Amino acid sequence: MAVPVMYNSEQKELAALCREIFSNHQDAIIQNLKDPAAVTHVSALWDDLVKSGLIGIVVPTDVGGSGGSWTDLAIVFREAGRALAPTTLSSTVFAATVIDRLGNDTQRRTLLAPLLAKGAIATVAASSLWTVPSAAGLTASLASVDAGWVLNGHDGFVANAEASEFHIAAARDDRGTAAFVVVPAKAEGVRLTRRVTFGGDSQYKVTYERVVLPFEARLNGPDKALRAFQPCLDVMRVLQAGEMLGGAEHILQVTAEYVTMREQFGVPIGSFQAVQHLLANVASDLAAGEAAWWHAAELLPDSPYAHVEAAATNAWLARSFVDASVTAHEVHGGIGFARDNPLHLWSQRARQLELTGGTVREQLDAVADALYEDRNDD
Amino acid sequence: VTTDTRVTADDAEWQEEIRDFLSENFTNAARAELRNTREGDMGPAMRHFWKRVGENGWFSLTWPVEYGGQGIDPVRRQILIDEFEYAGVPMMDMTVTCLAPVIMKHGTDLNRREWIPGIARGEVTFALGYSEPDAGTDLASLRTSARREGDQWVIDGEKTWNTGGHYQTHQWLAVRTGGPGYLGISIIIVPMSAPGVTVSPIWTWGDHRTNSVHFDGVRVPVGNLIGEMNQGWRYIAAALDNERGSLGSVGGIRRLLDELIEATRTTTRICRPLCEDPVVRQQIAELYSAVNAAHWLSYSVASHLEDGNYATVPSTILKVMVTELRTRISRTAMSILGLAGQLGTGDADAPAGGVFEQQYRVAPMFRFGGGTNEVMRDVIAQRGLKLPRTPRRKEAR
């Protein structure tokens, strides 16, 4: 890109490593996405990610992670987005983040180990919190019983619910506060229905019917679970922004190459101003998005500004990624419309990411809340 | 201040120093002068202000130490410009931000000795003598000529859109010294006091005075040539990169957005403040997400400065974004403020003192100044994305 964020030498190495891993599996990733019935996952890629310690790159070393920084993880996701990495990466990293931030030490050790070392997949069932970060909106409830807990309710949009070893489900407890519980995907009473989604990714409607869970299933690190969850969501929004950036950069690159090669009227169509200006707009959106994304990643996870920056950057890049894909289809013409060309897979991912983790509208609501709150604090 | 620049601790100290300086020196008298001038020139309070800036060495912050600069981290200069703009200080003179770095990089030793110290002291200021009635965006077709007679250049021609021509000390003049096209252009410095220079005003929609300047047999010493003869296009391009970098400073639009946010708290529609209207909140947040992205881009661009010179593509991207955001913010402001959106300075009820309608009128200048945004997009596509060049001249087709 035109204005590269200045990675230091270690960050450059990390980016190069990720790019190599993802591009080694690029064909398999594309094939996987073209099969709408398949779980959005590529085992050989996953083995490489786990072996390289990338899944737990930011998890502290005391529980088996690599103890890296959030900017490192952001770099991984940018490269993941470029290659259209399976959604199991984001769902598992999201789950790992929630466990690490909300679990006690025993829970962190026992739950993170299979993810970081054995290649297990996990997910978070908390889509109602993307819209309204309050216990009132939760669609599952957790009742206390003698032996532990009973979980009832549903979540309409849970990524990779079937392939996951466990879900971190958000539910309202007897006192009306938000609780996060670990639900084995194969537990009695868990019913999964595969969604038919625009992105062709594996999302599920999950119903929990009298699912009995032991006491230790509830993540019970900090007291205020919802408050502790917010930084996890901010993390996901920034990581997702990185995915959007990488995906859009890929689209821009292949489109720039295409218009340079494709000739009409005896000249490359990329020599026409109309085409150039469309792509210049995409390049500009991404240059600014990159700078904002990097800054937001540097604020993760606990800066008082992380929340608003995550939302603002996510909103910006969500729109930029969608704009990039719409522009790419325009200038590719029929070539990009044929399913042989994988362009539409990036376009589908753009919309899936835009809606997941809070829509643009919801991200902007968060930004507005922060902007207008400022005065009330004085 | 709703948007915080969140600089590092070191930079925060620097930011504090600048804010203290502004509260001490950017006085009410200076602000009143700015409100009351339509000529763009300076009264005593603003002259004093810029003198104090010069005394602090702030004109030459990113210049190399050997030229009297401080060689500091360019991000710091960005913070300075940002804070100045946010406070409403007019853009720092382009002589300092755009032209001096070019003289240092491309000029002769004589050029540097002759011009740099005066620029650093704020005593030498250049107006940009580029556009002509028939050479605007197609600057390479300019016709103002300089021919050599003994140890002098003799200059004839006409320049237009010559902002500052009525108060700057010199003209940074693009002239034809060779054949047609961009390879026949040189830059020559012309004192405005030289016999044969006449200046007449052009008034703009933005209440801004610019000028038409005629040169009739104007004579200057041969040493006033900058760098090498017929290499002027390179210097113009370098100066334009810097101009775009300067135009891409985000402090001004950040202030404009903050003014709008404030105005939405106090302006009501159907008995409630606009800031409680979900549609307005979405619009404001959308503007914020754009200004925020531009803000961080400006810091990223600044960190790529070399000896005070901007890189072409990043500064071009920034220029397009920021100038179009100025339109977008003022346009949105006028719309959401309703009937009050049309009120201008001098009307007691004008939101934010009438700044929105005023900025709406000023905004076009930034979009075509320093290169029209259409050409900027050509640059981004051709140099940033390596797309094939668009044939320009008729004969080239």
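Sequence lines set the chain letters: A, B, ... in the order given, protein chains first and strands last, and positions in each chain run from 1. Basis for what follows: all heavy atoms, side chains included, without hydrogens, waters or symmetry-related copies. A quick note: this is a predicted structure, and the numbers were derived from the prediction, not measured.
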Inset, instruction - Quick one: pull up CD in A:Q273 and CD in B:Q382 and give me the separation to the nearest 0.5 Å. - result: 8.0 Å
Legend entry - When A:A292, A:G270, A:A288 are compared by non-hydrogen pairs under 4.5 Å with chain B, the top option: A:A288
Legend entry - Sorted by number, residues from residues 266-276 of chain B in contact with chain A (heavy atoms, under 4.5 Å): B:C275
Inset, instruction - Identify which of A:P268, A:A256, A:A368 forms the greatest number of heavy-atom pairs closer than 4.5 Å to chain B. - result: A:A368
Inset, instruction - Can you establish whether the number of heavy atoms outside A:E10 located under 6.0 Å from its atom CD is more than 12? - result: no
Inset, instruction - Could you check if a side-chain atom of A:V267 sits within less than 4.5 angstrom of a side-chain atom of B:P388, using non-hydrogen atoms only? - result: no
Legend entry - Backbone N/O of A:S271 and side chain of B:T390: donor-acceptor pair under 3.5 Å: yes
Legend entry - For chain A, which residues of residues 368-378 of chain B have heavy atoms nearer than 4.5 angstrom: B:E374, B:R377, B:D378
Inset, instruction - Any side-chain hydrogen bond (donor to acceptor under 3.5 Å, both in side chains) involving residues 353-362 of chain A? Give me the pairs, sequence neighbours left out, ordered by first then second residue. - result: A:R351-A:E354, A:Q352-A:T356, A:T359-A:E362, A:R361-A:D365
Legend entry - A:A283 to B:I317 - nearest heavy-atom pair and separation: O-CD1, 4.3 Å
Inset, instruction - Let me know which of A:L371, A:L364, A:D369 forms a side-chain contact (heavy atoms from CB on, under 4.5 Å) with B:R281. - result: A:D369
Inset, instruction - Over all heavy atoms of both residues, which pair between B:L385 and A:A280 is shortest? Give the atoms and the distance, please. - result: CD1-N, 4.3 Å
Inset, instruction - With a 4.5 Å cut-off on heavy-atom pairs, point out which of B:A381, B:A285, B:P278 contacts chain A the most. - result: B:A285
Inset, instruction - May I ask you to name which of B:V379, B:L387, B:I380 has the most heavy-atom pairs under 4.5 Å with chain A? - result: B:L387
Legend entry - From CA spacing to verdict: side-chain contact (heavy atoms from CB on, under 4.5 Å), B:T264, A:Y372: CA-CA 10 Å; B:T264 58; A:Y372 285 110; 2.6 Å; yes
Legend entry - Contact residues of residues 314-337 of chain A (partner chain B; heavy-atom separation under 4.5 angstrom): A:W316, A:R319
Inset, instruction - Calculate, to the nearest 0.5 Å, the distance between atoms OG and NZ belonging to A:S284 and B:K319 respectively. - result: 12.0 Å
Inset, instruction - With the side chain counted from C-beta on, respond yes when B:N292 and A:E309 share a heavy-atom pair under 4.5 Å apart, and no when they do not. - result: yes
Legend entry - Reported NE2-to-OH distance for the pair A:H295 and B:Y299, which is rounded to 0.5 angstrom: 10.0 Å
